[in-house]
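Everything below concerns the one structure shown next.
By convention in this document, chain letters (A, B, ...) are assigned in the order of the sequence lines, proteins followed by strands, and residues within each chain are numbered from 1.
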Number of protein chains: 2
Amino acid sequence: MKRPAELERLLGYQIQMVHLDFDSNARDVLAPFGLTPVRFTALLLIDANPGCDQTALGRALSVNRSSAMKLVNGLEQAGLVERRAGRDLRTNALHLTDEGVAAIAAVRERLTESETRLASRLDAHEQEVLQSLLAKLQRRRAARG
Amino acid sequence: MKRPAELERLLGYQIQMVHLDFDSNARDVLAPFGLTPVRFTALLLIDANPGCDQTALGRALSVNRSSAMKLVNGLEQAGLVERRAGRDLRTNALHLTDEGVAAIAAVRERLTESETRLASRLDAHEQEVLQSLLAKLQRRRAARG
DNA sequence: TATTGTTATACTCTATAACTATA
DNA sequence: TATAGTTATAGAGTATAACAATA
């Protein structure tokens, strides 16, 4: 299949293609641990913000309360996260279990290693430049629902 | 919510965040035309490869035959694509209708314009560097299904 | 009144498996 | 035997809307 030249010029298309590579790679690495990119990101967010509530977690992940609910259900059933009493009677305080902490540690090395392999098409300097350009390109996303 | 430092260092995470911006922007632009990023990409691919069959299209989009089927059904019902007789009696030859050609033209300007706005956080030189780094980072994806 | 969690429900996208008709 | 299209079905993932408890 010939690629339309127009596509190649669209920055969003290039980003999508690269994202596809990295995302499917991450899914392969995370799957044996029962994790997905979103679930793993949730673990890291809870780790960095112990005691946060579900709505805040959902906002950080750009999903609504209902979806955050399902996400936390899954992580709780997997024994990685627990709901404790929150700052008032409406809210849950989310915390990693020991298993959750262990899961992050177990995944970390494999994920970094496979990303290093993917990024190896660029030399060290190029990787640095890419990181900084991507950081500059980012904006804070608006929260939903 | 505090962002975990570990996430910021993962290239895949940075790419995902940037992709999220561009993807949701593209969805907003395409929605009034009844299109999504995948559907629009399909139109451009058929435009660049008139007479291609569904399986090849699916391969280029990294979806299987069944999903390509549904995709083409939608585009056909929207009057943008038509199935003609293919090179043998098993295959369909996909072609854009006049409406399909018009849809691409209508979308093109708005999409490029909104991407320009998103990319404007980088100057011209930085955009060029980013494009070339992303192109270099890409690999051809394996086909599925 | 507003917010948090929750539940029920539905929609979209994609995959798998099996069928058919061709090759 | 293998391939293209098709169909039925199921599974993620997410959204909307409404409800209860609490603020």
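- Take A:Arg27 and apply the side-chain contact (heavy atoms from CB on, under 4.5 Å) test, not counting sequence neighbours, and it matches A:Asp23, A:Thr36, A:Pro37.
- Here the NZ-CD distance, from B:Lys136 to A:Glu126, works out to 3.5 Å after rounding to the nearest 0.5 Å.
- Among the nucleotides C:dT6, D:dT7, D:dT14, the one closest to the side chain of A:Lys70 is D:dT14.
- A close approach under 4.0 Å does occur between a side-chain nitrogen or oxygen of B:Ser67 and OP1 or OP2 of C:dA15.
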Protein N or O to nucleotides 21-23 of chain C N or O, pairs below 3.5 Å:
unit_1, atom_1, unit_2, atom_2, d
C:dA23, OP1, B:Leu89, N, 3.0

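- To the nearest 0.5 Å, atom CE of residue B:Met17 and atom CD1 of residue A:Ile15 are 12.5 Å apart.
- Side chain A:Ser66 to base C:dT6: no donor-acceptor pair is found below 3.5 Å.
- Counting heavy atoms from C-beta on, the side chains of B:Asp53 and B:Asn92 never come closer than 4.5 Å.
- A:Leu122 pairs with exactly one of B:Leu11, B:Leu134, B:Leu137 by the side chain to side chain contact (heavy atoms under 4.5 Å, CB included) rule, that one being B:Leu137.
- Distance CG/B:Leu44 to CG/A:Leu7: 4.5 Å, rounded to 0.5 Å.
- Between atom OG of residue B:Ser67 and atom CG of residue B:Leu57 there is a gap of 11.0 Å, rounded to the nearest 0.5 Å.
- A salt bridge (charged side-chain N to carboxylate O under 4.0 Å, His left out) check over residues 70-81 of chain B, counting only residues at least two apart or in different chains, returns the pairs B:Glu76-B:Arg83.
- Of all the residues in residues 73-85 of chain B, not one reaches under 4.0 Å from DNA chain C with any non-hydrogen atom.
- One finds the CZ atom of B:Arg9 at 8.0 Å from the OG1 atom of A:Thr112 (value rounded to the nearest 0.5 Å).
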request  = Please test A:Phe40 against A:Arg108 for side-chain contact (heavy atoms from CB on, under 4.5 Å), starting from the C-alpha separation and ending with a verdict.
outcome  = CA-CA 10 Å; A:Phe40 181 59; A:Arg108 191 195 320 254; 5.6 Å; no
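- A salt bridge does not link B:Glu115 with B:Arg117: every distance from a Lys NZ or Arg NE/NH1/NH2 to an Asp or Glu carboxylate oxygen is 4.0 Å or more.
- For the helix from C:dT1-D:dA23 to C:dA23-D:dT1, the rotation axes defined at the first and last 5 base pairs enclose an angle of 0°, given to the nearest 10°.
- Of all the residues in residues 28-57 of chain A, A:Asp53, A:Gln54, A:Thr55 reach under 4.0 Å from DNA chain C with at least one non-hydrogen atom.
- Under 4.0 angstrom from either OP1 or OP2 of C:dA17 there lies no side-chain N or O belonging to B:Asn64.
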